[in-house]
Amino acid sequence: MTTAAETATALDVAGLLEAARDKTGLSDYGDEWFVEPLTVLTRAIAEEAKLSELGLHLTRSKFVASLADRLRLKQLQVDHPEILDEEVRVAAEICGLPRTGSTLLHRLLASSPEVTSTLSWETSYPLPFPGESPDAEIRKKRARDRYEMFLEMAPDFGDIHTIEWDGPEEDVILMDRTFTSMSFDSFYWIPSYGIWLREFDQAQAYQDLKQWLQVLQWQSPERHGQPWMLKSPHHLTAVDTVLNTFPDCKIVMTHRSPTKAVPSYASMVCAISAQYSDSVDPKLVGPYWRDRFVSALTQFTGVRAKRPERFIDVEFLDVVKNPVDTATRVMGELGLPADRDALEAYMARNEEQRHGSHSYTAEDFGLTEAGLEQDFAFYQKEIAP
């Protein structure tokens with residue numbers, strides 16, 4: 001395990017900013033609003049995360065790469081100002097609690113030729129490499145290699161969450177470059193960061209997300225006119241901001257009993273964070289995410305009451321038992337045609353990709369089903385269909 005001092009030195013914000021400048025030969029970050037979340041994040045990691053040596057190496061590399069992407073995005077916008085004229089229409093953000101069928105629903109809806117979605121490889125490498133061919137083969141290969149390495153490091157993860165390096169993936173991975181993302185307290189034990197994020201105004205982060213969608217759309221002219229079908233549980237933390245940033249967007253919320261969803265996500269978090277630390281305590285992870293989701297859903301309730309017409313509800317069992325019919329209904333409520341042949345074809349592929357199951361109990365993560373039922377009683381009463 002690295003010491004707090006070693007981690008703080010390696011993740012010094014000024015040093016990270018300079019390392020990205022050295023890596024790219026660029027210097028203009030534009031609006032440096034992101035320095036505040038980066039500072040909060042790196043301090044929390046140093047003081048709380050107990051990183052392994054490998055975890056520290058991976059973290060520093062990721063942060064420098066994220067900052068380098070910010071520099072490259074700014075330069076690309078200068079070289080091609082037409083990027084900022086791209087009209088981005090988001091049809092839906094799917095954002096129920098994690099482990100509620102949202103991934104299956106997202107990939108199913110995104111299979112429709114009427115819509116587009118962020119793809120896994122391009123969330124990892126969203127900007128063209130110098131001299132790159134239009135088919136982006138180098139970026140795709142790097143993404144494929146990266147995910148193969150990830151699965152080697154976390155061999156059980158595929159039983160929890162199916163990874164498709166070239167399939168639809170959460171747009172929050174683009175937002176990781178703002179350092180304002182639920183990804184980070186899923187990767188690391190950093191409760192102070194999660195508490196800070198609950199109160200932080202994410203408006204600028206979502207403006208950045210819009211710019212990333214613009215640059216992806218600019219690279220792929222076939223996307224013009226296609227609305228985006230996006231997904232991440234992170235958006236539960238900023239539903240009002242999502243709706244303000246994307247005026248055409250509706251929130252598609254997947255529902256499953258929190259007594260199942262919260263322990264399932266705690267299991268997933270433990271599998272991910274074990275890559276970065278050898279001191280992951282499942283009995284701390286469970287209560288942390290219980291509290292995190294109680295807070296998010298409480299806030300969500302108020303936003304939904306103000307804008308009920310912007311929400312579509314989907315039950316987990318409907319996604320699992322009647323996926324094509326459920327997707328057809330959602331597309332209709334979004335005002336989009338449903339291609340049942342495309343939906344059926346995706347479900348056939350999904351059956352082939354399914355991995356084994358993983359087992360756990362609420363008690364494994366310092367929780368009880370009775371306690372979760374009580375903690376989320378307001379959700380069952382006020383939100384769940």
Test applied, salt bridge (charged side-chain N to carboxylate O under 4.0 Å, His left out); reference residue, E132; option that passes from K140, R139, R142: R139
Interatomic spacing from CG in D69 to CG in D176 - rounded to 0.5 Å: 11.0 Å
Salt bridge (charged side-chain N to carboxylate O under 4.0 Å, His left out) pairs, two or more places apart, involving residues 262-277: none
Results of ring-ring contact (aromatic ring centres under 6.0 Å, His included) for F300 - residues two or more places apart only: F311
Qualifying salt bridge (charged side-chain N to carboxylate O under 4.0 Å, His left out) pairs, either residue in residues 189-210, two or more places apart: R70-D208
For S66, all residues meeting side chain to side chain contact (heavy atoms under 4.5 Å, CB included), sequence neighbours excluded: K62, R177, F179
Short side-chain donor-acceptor distance under 3.5 Å, T7 and T2: yes
Pair D281 + K50: basic N to acidic O under 4.0 Å: no
Distance, nearest 0.5 Å, that separates OG1 of T118 from CD of E170: 8.5 Å
Check ion pair K141-E137 (N to O, under 4.0 angstrom): no
Where P337 and S112 come nearest, the two heavy atoms and their spacing: O-OG, 4.1 Å
Salt bridge (charged side-chain N to carboxylate O under 4.0 Å, His left out) involving E48 - partner list, sequence neighbours excluded: none
Atom of K260, atom of Y360 and distance for their closest heavy-atom approach: O-OH, 3.9 Å
Residue pairs passing the ring-ring contact (aromatic ring centres under 6.0 Å, His included) test where at least one lies in residues 77-112, sequence neighbours excluded: H80-W218
Whether F184 and F187 hold their rings parallel, tilted or perpendicular, with breakpoints at 30° and 60°: perpendicular
Closest approach of L243 to C249 (non-hydrogen atoms, all atoms of both residues): CD2-O, 3.6 Å
Q219 side chain to E122 side chain, donor-acceptor N/O pair below 3.5 angstrom: no
Candidate list L197, L297, L236, V262, test side-chain contact (heavy atoms from CB on, under 4.5 Å), partner R292, passing option: L197
Separation of S120 OG from I173 CD1 (nearest 0.5 Å): 6.0 Å
Closest approach of L119 to P168 (non-hydrogen atoms, all atoms of both residues): CD2-N, 4.0 Å
Least distance between heavy atoms, D185 atom then G194 atom: OD2-CA, 3.6 Å
Electrostatic pair R307-D240, nearest N-O below 4.0 angstrom: yes
Gap between atom CG of L76 and atom CG of L84 - 0.5 Å precision: 9.5 Å
Ring center gap for W121 and Y125 short of 6.0 angstrom: no
Where M182 and H234 come nearest, the two heavy atoms and their spacing: N-ND1, 3.0 Å
Verdict with supporting geometry, L97 and Y265, side chain to side chain contact (heavy atoms under 4.5 Å, CB included): CA-CA 9 Å; L97 289 179; Y265 192 62; over 6 Å; no
Distance, nearest 0.5 Å, that separates OG1 of T39 from CZ of F34: 9.5 Å
Aromatic plane relationship, Y379 with F376 - under 30° parallel, 30 to 60° tilted, over 60° perpendicular: perpendicular
Between T326 and D318, a side-chain donor and acceptor under 3.5 Å: no
Nearest-0.5 Å distance that lies between atom CG in L67 and atom OH in Y29: 4.5 Å
Residue pair T328 / D325, side-chain donor-acceptor N/O under 3.5 Å: no
